[in-house]
Amino acid sequence: MDDAKMVLEPTVAELEELWDNHWTKRKERDPHRKADSFRYSSSVELLPAAGGELLDVSGGDGTFAYLARERHPGYAITVIDRSRAAVDICGARGFRSLQADLDKGGLPFEDDSFDVVTCLSVLQDLTNPWQLLAELSRVSRRWVLVSCPSAASASNRLDLLFGKVPRQMRHKTHLRFVTYEEVTRRLEGHGFRIADCRTKMKLPVLRSVVRIPGLKKPALMHKVLPNLASKFTILAEKPPAGTKVNQT
């Protein structure tokens with residue numbers, strides 16, 4: 001029970017202080033130190049190379065913005081975050097940066113303002129993640145890129161099977177359960193189609209069981225077992241006007 005209370009106890013003010021302290025401690029951190037982290041590496045890999053206007057929602061200290069700019073210099077990047085400390089760090093790194101409470105109201109931008117809108121490991125930390133997902137879809141004119149830990153992961157399912165609190169619930173900033181199926185369904189409901197994805201599995205034994213000769217692991221994970229992944233990154237595209245989208 002104590003593990004579950006960790007999710008419910010922090011107040012809004014406590015969370016704000018937690019995030020400010022979190023980013024302040026990382027003020028001098030080299031962005032390349034996190035380049036191999038799944039949410040960053042998979043998102044940089046999936047990021048369209050066309051360039052344009054990019055909005056990174058809850059972008060923290062600008063680690064992804066930095067790595068994205070390094071990989072694709074053609075992007076003009078804006079970072080928005082709830083933490084004043086994070087916004088200041090992003091500004092110092094040369095990005096347009098704004099502070100906003102992502103749990104209150106909408107994003108302060110017009111419809112179709114950005115070519116790409118990214119949101120990495122954020123939805124699970126909000127009281128109303130689906131409102132934000134709707135906003136990501138609204139302000140994007142072409143692409144939405146979302147990365148999250150999955151509450152439906154194989155490891156969480158095993159925890160439940162043995163009567164344990166799922167490990168995602170033990171994280172003190174995680175307020176909601178997020179799954180691959182739910183995110184894809186809601187993106188499709190906002191008129192997007194899933195263009196590509198990346199997944200991460202934490203159970204080596206399960207990887208061995210599902211290995212098929214001649215079939216690469218990423219292809220198998222993306223097409224067969226995305227709901228068992230511990231983390232996922234989805235690239236969704238808004239089709240041209242007049243294109244029919246399968247909304248389920």
Among all residues two or more places apart in sequence or in another chain, which pass the side chain to side chain donor-acceptor pair (under 3.5 Å) test with Arg69?
none
Tell me, please, which residues at least two apart from Ser113 pass side-chain contact (heavy atoms from CB on, under 4.5 Å).
Phe109, Glu110
Please indicate whether Asp36 has more than 12 foreign heavy atoms, meaning atoms of other residues, nucleotides or ligands, lying under 6.0 Å from its CG.
no
I'd like to check Cys119 versus Ser58 (side-chain heavy atoms, cut-off strictly below 4.5 Å). Are they in contact?
no
Donor-acceptor contact below 3.5 Å, side chain Arg141 vs main chain Asp112
yes
Heavy-atom closest contact (Cys90 atom, Gly62 atom, distance)
SG-N, 3.4 Å
Set of residues satisfying side-chain contact (heavy atoms from CB on, under 4.5 Å) with respect to Glu45, sequence neighbours excluded:
Arg198
Of the options Thr118, Leu107, Val122, which is the one that meets Val57 in a side chain to side chain contact (heavy atoms under 4.5 Å, CB included)?
Leu107
Please say yes or no: joined through hydrophobic side-chain contacts below 4.5 Å, possibly via intermediate residues, are Ile80 and Val87 part of one cluster?
no
Please round to the nearest 0.5 Å and tell me the distance separating atom NE2 of His190 and atom CD of Glu135.
9.5 Å
Atom pair CG/OH of Leu54 and Tyr75 - distance to nearest 0.5 Å
6.0 Å
Donor-acceptor under 3.5 Å (Asp196 side chain, Leu235 main chain)
no
Arg93 and Thr63 have their tightest heavy-atom pair at NH1-N, 4.2 Å
Report the distance from atom SG of Cys148 to atom CD1 of Ile234, rounding to the nearest 0.5 Å.
7.5 Å
Could you list the residues that satisfy salt bridge (charged side-chain N to carboxylate O under 4.0 Å, His left out) with Arg157, not counting sequence neighbours?
none
Are the side chain of Asn128 and the backbone N or O of Asp103 linked by a donor-acceptor pair below 3.5 Å?
no
Residues Tyr180, Leu228; criterion side chain to side chain contact (heavy atoms under 4.5 Å, CB included); working and verdict:
CA-CA 9 Å; Tyr180 174 88; Leu228 292 181; over 6 Å; no
Shortest non-hydrogen contact from Ser140 toward Lys238:
O-NZ, 2.6 Å
Which pair of non-hydrogen atoms, one from Ala49 and one from His72, has the smallest distance, and what is that distance?
CB-CE1, 3.4 Å
Test side chain to side chain donor-acceptor pair (under 3.5 Å) applied to Glu182 - qualifying residues, sequence neighbours left out
Arg185, Arg186
Any donor-acceptor pair under 3.5 Å linking the side chain of Lys231 with the backbone of Arg39?
no
To the nearest 0.5 angstrom, please state how far the OG atom of Ser150 sits from the CZ atom of Phe232.
5.5 Å
When you check the gap from the basic side-chain N to the acidic O, do Arg82 and Asp101 get nearer than 4.0 Å?
no
Should the pair Arg142-Glu237 be classified as a salt bridge under the 4.0 Å nitrogen-to-oxygen rule?
yes
Interatomic distance, OG@Ser37 vs NZ@Lys200, rounded to 0.5 Å, equals 7.0 Å
Among residues at least two apart in sequence or on other chains, which ones pass side-chain contact (heavy atoms from CB on, under 4.5 Å) with Ser43?
Phe64, Leu120, Leu145, Ser147, Thr233
Under a single-linkage definition using a 4.5 Å side-chain heavy-atom cutoff for Ile, Leu, Val, Met, Phe, Trp and Tyr, are Leu187 and Val139 assigned to the same hydrophobic cluster?
yes
Scanning both residues in full, the closest heavy-atom pair of Ser83 with Asp81 reads N-OD1, 2.8 Å
Which pair of non-hydrogen atoms, one from Leu67 and one from Ala35, has the smallest distance, and what is that distance?
CD1-CA, 3.8 Å
Going from CG on Asp159 to NZ on Lys164, what distance comes out if it is rounded to the nearest 0.5 angstrom?
6.0 Å
Derivation and outcome, side chain to side chain contact (heavy atoms under 4.5 Å, CB included), residues Trp130 and Val183
CA-CA 9 Å; Trp130 310 128; Val183 172; 4.0 Å; yes
Tyr66 with Phe38, same ILVMFWY side-chain cluster at under 4.5 Å:
no
